[in-house]
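In what follows, a structure is listed as structure tokens, so that the remarks can point back to it.
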There are 2 protein chains.
Amino acid sequence: MEYKDRVEAALGKGTMRRRSDRPQAIISAAIRLVGEHGFATTRLEDVAEAAGVSKAAIYLYFESKEDLFFALVREGALPTVADTNAAVARHEGSLSDLLQEIILGIGHLMAHTELGTIVKIVAAEARNFPELVTYHRDEVVARAMGTISSVIEKGIASGEFRPCDARAQAALCIFPVLMNGIWMNSIGPDPSIVDPDALLKAHAETFIRGIAA
Amino acid sequence: MEYKDRVEAALGKGTMRRRSDRPQAIISAAIRLVGEHGFATTRLEDVAEAAGVSKAAIYLYFESKEDLFFALVREGALPTVADTNAAVARHEGSLSDLLQEIILGIGHLMAHTELGTIVKIVAAEARNFPELVTYHRDEVVARAMGTISSVIEKGIASGEFRPCDARAQAALCIFPVLMNGIWMNSIGPDPSIVDPDALLKAHAETFIRGIAA
DNA sequence: CGCAGGTGACTGACCAGTCAGTAACATGTA
DNA sequence: TACATGTTACTGACTGGTCAGTCACCTGCG
């Protein structure tokens with residue numbers, strides 16, 4: 001792609017940043033539509049319309065439908081991981097409080113923002129795009145699990161938590177949060193079955209009791 | 001469909017059952033392929049090949065791709081719900097043991113059988129097939145949650161569990177199990193991140209500690 | 001002018017669904 | 001037994017609609 005190459009030469013390789021906010025508008029529209037319908041069923045023409053451009057314009061910013069898809073998954077999750085790491089780094093106080101903060105914080109993003117949509121998309125499309133799995137496993141999941149399990153290990157060492165498999169417990173800490181996000185993006189908000197926010201609170205309490213010394 | 005009408009007249013309306021096991025072979029192949037690639041991306045020709053028939057033969061047993069899809073989701077989950085209800089009904093002993101039995105039992109099916117695939121499929125395709133959501137919410141989820149929350153309520157009443165929101169706890173009991181199933185069917189078995197069986201054991205222990213009185 | 005930043009109309013591939021045909025087996029009948 | 005007639009279960013080849021990706025052309029601005 002000539003245009004892309006020229007811009008990359010001017011602004012640096014890697015994440016393309018344009019002066020216009022077109023790419024971001026396209027990605028946002030794509031996250032919403034792909035989250036609803038899946039990758040294959042989402043028509044580029046609909047993405048274009050939702051972003052207020054023509055289909056051909058998408059090809060000014062992305063090489064292909066697949067390329068847009070990767071961009072969407074990449075941009076959708078990284079900020080959250082970074083934010084969580086930062087929150088852990090600056091936290092002071094009991095580790096139980098920190099865990100609760102993590103659960104409610106990530107949980108809220110999962111249930112009510114694009115992040116839950118991304119998780120659903122990755123789960124749904126994983127087998128079709130193996131690179132996606134590798135990327136997410138290494139860049140998102142491994143990091144998040146590492147952060148949480150280090151918190152749990154610290155708590156075990158300090159006697160705040162009972163001795164247990166910190167990695168397994170880290171997974172158990174985020175699995176309900178992830179499932180809640182998937183639920184909200186599939187079955188949808190349906191308080192008659194589960195109220196997402198009440199569930200997160202209950203999870204924090206039960207989980208922390210469950211690993212308490 | 002003349003032939004279909006005649007068979008339905010003879011064997012009853014609804015789920016068509018033939019003497020041959022073709023429909024089941026087609027459904028099994030479809031569960032595997034749709035679980036891997038999603039509904040839209042799965043080619044009926046590939047399902048046919050995997051089932052050892054021609055594409056046209058599928059139309060002898062199912063009205064359309066969508067019809068096959070519904071059959072697959074319906075047949076895939078119901079037996080498990082029934083089995084779980086039966087296990088609960090015949091259980092004697094502590095409710096903690098019963099919960100552990102439920103977690104490990106359903107958990108094993110989720111992680112290692114078609115059931116996990118079905119859950120993944122429903123989550124992924126929910127927005128495209130609203131009838132699917134209604135069906136699953138009412139026939140599968142509501143029942144399973146009802147069963148589990150009745151166990152928890154009984155435990156609260158008997159003093160075995162602490163007072164808490166039984167419905168939310170029921171959701172927390174199965175969410176990690178569901179997520180584990182989705183994980184195994186997307187990111188795949190990867191013990192370096194989570195060992196599915198160890199996770200289930202850890203979940204049973206932590207969850208039961210978490211709601212213990 | 002020259003060019004960044006578009007667009008609308010087109011095309012080729014792909015695939016659900018159809019249809020005419022067929023092989024294997026059952027049934028009648030002499 | 002032999003041969004016609006009918007039925008069941010299935011197939012290969014086709015079609016029509018859909019959509020990712022392309023391309024010739026436009027347009028406002030420095």
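Just so it is clear: chains get the letters A, B, ... in the order the sequence lines come, proteins before strands, and each one is counted from 1. Only a predicted model underlies this, so the values are computations on that prediction, with no experimental measurement involved.
- Of the N and O atoms on the side chains of A/Thr206 and B/Gln169, at least one donor lies less than 3.5 Å from an acceptor on the other residue.
- Spacing between atom CZ of A/Arg22 and atom C1' of C/dT7 amounts to 12 Å, rounded to whole angstrom units.
- At a cut-off of 3.5 Å, with distance as the only test, no side-chain donor of A/Asp46 or A/His37 sits close to an acceptor on the other residue.
- Between A/Glu205 and A/Lys201 there is no salt bridge, since no side-chain nitrogen of the basic residue lies less than 4.0 Å from a carboxylate oxygen of the acidic one.
- C/dT18 atom C1' lies 18 Å from atom CZ of B/Phe62, rounded to whole Å.
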Extract from the structure each pairing of a protein N or O with an N or O of nucleotides 9-16 of chain C at less than 3.5 Å, listing the distance.
residue : atom : partner : partner atom : Å
C/dC15  : OP2  : B/Arg43 : NH1          : 2.9
C/dA16  : OP1  : B/Thr42 : O            : 3.3
C/dA16  : OP1  : B/Lys65 : NZ           : 3.3
C/dA16  : OP2  : B/Leu44 : N            : 3.1
C/dA16  : N7   : B/Lys55 : NZ           : 2.8

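- Distance CG (B/Asp67) to C1' (C/dT18): 17 Å, rounded to an integer number of Å.
- Remark: B/Arg22 is not positioned above the aromatic ring of B/Tyr61, lacking an NZ or CZ atom under 6.0 angstrom from the ring centre and at most 45 degrees off the axis.
- Rounded to an integer number of Å, the gap from A/Leu33 CG to D/dA20 P is 12 Å.
- Annotation: A/Phe175 is not in aromatic contact with B/Phe175 [ring centroid separation under 6.0 Å not met].
- Atom P of nucleotide C/dG17 and atom CG of B/Asp46 are separated by 15 Å, given to the nearest angstrom.
- Ring centers of B/Phe69 and B/Phe62: at least 6.0 Å apart, outside the cut-off.
- Between the P atom of D/dA20 and the CZ atom of A/Phe69 lies a distance of 14 Å, rounded to the nearest Å.
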